[in-house]
Amino acid sequence: MKCPCNPTRLYIECCKKAHQNIDNALTAEALMRSRYSAFVMADIEYLQKIHHASTRPSKREKKEIFQWTKSVDWVRLEILNTTKNTVEFTAYFTENGKLSQIHEISFFCKENGHWAYQKPL
Ligand SMILES: [Zn+2]
């Protein structure tokens, strides 16, 4: 199976490593890629786990995110720029047959020794 974050790589050699053990995401970009792949796979538990505790979605929001990501078809992820703590990306998806995109500069920081998604800048 190809990795959702990058069709030139295999899932087992890419985001699966982080999905199995968060410590395997060594950079903010690796964590961002594993976050996108988790959206594609509707792995809501992983998304919650890598969310910084200070901004982690509530139980109700978690349910809404899960239902939303199940309702769209993810197309691809484009990483535009990265720094130590930020990743700028565009994620493409179709919703009700219409192509849409999310463009964001995400801020990541370390929490309990691993990378965590904190917020959009
Ligand atoms: Zn990947």
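Residue indices begin at 1 and follow the sequence shown. Numbering of ligands and ligand atoms starts at 1, following listing order.
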Distance-only donor-acceptor hits, side chain of residues 86-96, under 3.5 Å, sequence neighbours excluded:
from: Thr86; atom 1: OG1; to: Thr83; atom 2: OG1; distance (Å): 2.5
from: Glu88; atom 1: OE2; to: His103; atom 2: NE2; distance (Å): 2.7
from: Glu95; atom 1: OE2; to: Trp68; atom 2: NE1; distance (Å): 3.2

Tally of protein N, O or S atoms, where distance to the Zn ion (ligand 1) is under 2.8 Å: 4
Those residues that, when tested against Asp43, pass side chain to side chain donor-acceptor pair (under 3.5 Å) (two or more places apart): none
Partner set under salt bridge (Lys or Arg N to Asp or Glu O under 4.0 Å) for Arg9, not counting sequence neighbours: none
Atom pair CE/CD1 of Met32 and Ile79 - distance to nearest 0.5 Å: 5.5 Å
Salt bridge flag under 4.0 Å for residues Lys62 and Glu64: no
Electrostatic pair Glu45:Lys49 at N-O distance under 4.0 angstrom: no
